[in-house]
Number of protein chains: 2
Amino acid sequence: MENLKINVVVDSSLCLKNPESSELGKKIVGKGIEMINEMGYESFTFKKLGEQIGSNESSIYRYFESKHTLLVYFVNWYWSWIEYKLVFGTMNLNTPEEKLNKAIQLLVEDVKEDNSFSYINEVLLNKIIISEGSKVYYTKEIDNENQKGYYATYKRLVQRISDFVLAIQPSYPYPHMLISTMIEGAHYQRYFSKHLPSLTDTESGEDTIVKFYTELIQRAIK
Amino acid sequence: MENLKINVVVDSSLCLKNPESSELGKKIVGKGIEMINEMGYESFTFKKLGEQIGSNESSIYRYFESKHTLLVYFVNWYWSWIEYKLVFGTMNLNTPEEKLNKAIQLLVEDVKEDNSFSYINEVLLNKIIISEGSKVYYTKEIDNENQKGYYATYKRLVQRISDFVLAIQPSYPYPHMLISTMIEGAHYQRYFSKHLPSLTDTESGEDTIVKFYTELIQRAIK
DNA sequence: TTTTTGTTAATAGTAATACTATTGTATATT
DNA sequence: AATATACAATAGTATTACTATTAACAAAAA
């Protein structure tokens, strides 16, 4: 699985200096994921991160121009990672139905395994995407950042899965809305099931959220 | 329509002093909605609000203990308003199918009319709910705040509409997930259609989002 | 009328935050 | 060995969210 790492590529415009190019950079990313997970995005600061990695606040600014772009970098890394798993996991499947089911599973299910060969903990990263991910685009700078390509990976991923939907049912008029509803929905359903369970119908022991979206999409496009 | 206002009740624990009880309180709420809309939640400060309403920053702290609880107040006011419109708009409908359709329309469609009798601009408030609303529960304090009843109005609303679903199809296993998926989904689909349109399939001239969710739900529960 | 009481807002702060300008230091190149 | 470059650390600034204290003012009581 560690070969996948090579294919996770984040656009270089998202950071001032590639964090993979130095030990300090890897520490910033690795510890940053841990800390945002522990204390939440709002409480997390570059100063605290600097203390944890035995470095200085301003050194971090050499890699990322702001706390916000660090989060944008995480989100893009995550979607790039998911995209590779999607391409890899569907290329040997024959029917679009199988490919779509694989995609649903990949995007909706909880990430449970961590590739320990990397300095990035994918389990924690998945939790950040669920709890903090939407803060990346709920900003007044959205149009500027969109133009800079901050959301390119995500848009490409939605397009790929929409293509599976269209391969099954070419006349379905809302493939993008269906898939973005699923991806975003899966995230806050997981969040709700943990913190506001009365907004969900989750039961322990089985992945109700995967079941729900699989069924929802099958019925929508049939 | 202005009689509805009487029925919009926000739990008193959400503010230190009821803003409806004084002119200053009404200014805080009214101008606060305007300013968050213009500059976004992050850039908005109590200091700037104080300047705009000809008052002092600290006077605002007499009404709301923080910027965050002001947003929580707005969200609760909004859901309370929607809940009243739902109860009022469905009580003379006979079938659960009609009631559910009414609920979908009420929750998914854009708010276009402003009740000018009030100091609260519902059109702007709807925009805040769409662009900033999720920031209310994506916080590390979620469990604390949930216990204090910060999300009670929202949970009650989801329950009401889930009951319509169950009246139509008692065996449907995911009514709450279906409705919370719709409500949250409708918000970011509107946001996406404006800022990241390639994630949607919206066309100008017709309300594709209402169509999409109406069809999605009908097919899901049939 | 004077005094007391309670409610309101304004003043003037604090600690912490995001971010930057500048200086120092190690490494590589000539 | 001298110079150039890349890097990180120091030490800041402006702004933020929030608070402790004081002042204004009205109604009620003496």
Side-chain angles (χ1 to χ4, degrees), chain A residues 12 14-32 35-36 38-74 132 135-136 138-141 144-145 150, chain B residues 12-32 35-36 38-74 132 135-136 138-141 144-145 148 150:
Chain A
S12 61
L14 287 173
C15 47
L16 301 171
K17 185 190 169 176
N18 189 350
E20 292 187 63
S21 70
S22 76
E23 279 308 307
L24 182 69
K26 287 175 192 170
K27 275 191 201 167
I28 289 169
V29 168
K31 199 75 193 176
M35 290 179 74
I36 291 180
E38 277 167 34
M39 60 178 61
Y41 177 73
E42 275 73 26
S43 299
F44 170 80
T45 71
F46 277 4
K47 195 173 185 179
K48 290 175 188 168
L49 175 57
E51 283 164 17
Q52 283 288 317
I53 60 178
S55 183
N56 194 277
E57 183 191 12
S58 58
S59 306
I60 302 163
Y61 281 99
R62 304 275 160 181
Y63 290 84
F64 297 97
E65 72 173 41
S66 68
K67 186 168 98 162
H68 180 250
T69 57
L70 179 65
L71 190 63
V72 173
Y73 179 88
F74 288 161
E132 319 283 358
K135 290 169 188 173
V136 148
Y138 281 131
T139 160
K140 274 281 164 182
E141 292 301 306
N144 261 330
E145 297 187 347
Y150 281 23
Chain B
S12 62
S13 70
L14 287 173
C15 46
L16 301 171
K17 185 190 168 177
N18 189 351
E20 292 187 63
S21 69
S22 76
E23 279 309 306
L24 183 69
K26 288 176 192 170
K27 275 190 200 169
I28 289 170
V29 168
K31 199 75 193 176
M35 288 180 74
I36 290 180
E38 277 166 34
M39 61 179 61
Y41 177 73
E42 277 73 27
S43 299
F44 170 80
T45 71
F46 278 4
K47 194 174 184 179
K48 290 175 188 169
L49 175 58
E51 283 165 18
Q52 283 288 316
I53 60 177
S55 182
N56 194 278
E57 183 191 9
S58 58
S59 306
I60 302 163
Y61 281 99
R62 304 277 157 180
Y63 291 84
F64 297 98
E65 72 173 40
S66 69
K67 188 168 97 162
H68 181 250
T69 56
L70 178 66
L71 190 62
V72 173
Y73 179 89
F74 287 161
E132 320 281 359
K135 291 168 188 173
V136 148
Y138 281 131
T139 161
K140 275 280 163 181
E141 292 302 306
N144 260 331
E145 296 186 348
K148 286 190 216 159
Y150 280 23

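The basis for the numbers below is simple: all heavy atoms, side chains too, and nothing from hydrogens, waters or symmetry mates. Residue numbers begin at 1 in each chain, while the letters A, B, ... track the order of the sequences.
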Rounded distance (Å) that lies between atom P of D:dT16 and atom CD of A:E42: 17 Å

Heavy-atom side-chain contact between B:I28 and B:Y73 under 4.5 Å: no

Atom pair OG (A:S22) and CZ (A:R62), whose distance is rounded to the nearest 0.5 Å: 12.5 Å

Closest approach of B:S59 to B:L24 (non-hydrogen atoms, all atoms of both residues): CB-CD2, 4.1 Å

Most 5' of B:N56 and A:Y61 on DNA chain C, judged by nearest nucleotide: B:N56

Sugar-phosphate, base or nothing in reach of A:S55, heavy atoms under 4.0 Å: sugar-phosphate

Sugar-phosphate only, base, or nothing, as touched by A:F64 at under 4.0 Å among non-hydrogen atoms: nothing

Donor-acceptor pair under 3.5 Å, A:S58 side chain vs D:dA8 base: no

Atom-to-atom span, CD1 of A:I60 to C1' of D:dC7 - whole angstrom: 14 Å

Interatomic distance where CD1 belongs to A:I28 and C1' belongs to D:dA8 [whole Å]: 10 Å

Sugar-phosphate only, base, or nothing, as touched by A:K67 at under 4.0 Å among non-hydrogen atoms: sugar-phosphate

Touch class at under 4.0 angstrom, heavy-atom based, for A:Y63 against every strand present: sugar-phosphate

Atom-to-atom span, NZ of B:K48 to P of D:dT15 - whole angstrom: 10 Å

Given DNA chain C, 5'-ward residue of the pair A:R62 and A:Y41, judged by closest heavy atom: A:Y41

Heavy-atom closest contact (A:P19 atom, A:V29 atom, distance): CB-CG2, 3.6 Å

For atom NZ of A:K47 and atom P of D:dA9, their distance in whole Å: 15 Å

Chain A contact limits on DNA chain C, taken 5' to 3' with a cut-off of 4.0 angstrom to heavy atoms: C:dT17 to C:dT22

Carboxylate-amine/guanidinium proximity below 4.0 Å for B:E141 and B:K148: no

A:L16 CG to D:dC7 P, straight-line distance once rounded to whole Å: 12 Å

Carboxylate-amine/guanidinium contact B:E42 B:K135, below 4.0 Å: yes

Distance in angstrom units between B:H68 NE2 and D:dC18 C1', rounded: 15 Å

Between P of D:dA17 and CD1 of B:I36, the distance in whole Å: 11 Å

Identified side chain to side chain contact (heavy atoms under 4.5 Å, CB included) counterpart of B:Y150 within the set B:T139, B:N144, B:V72, B:V136: B:V72

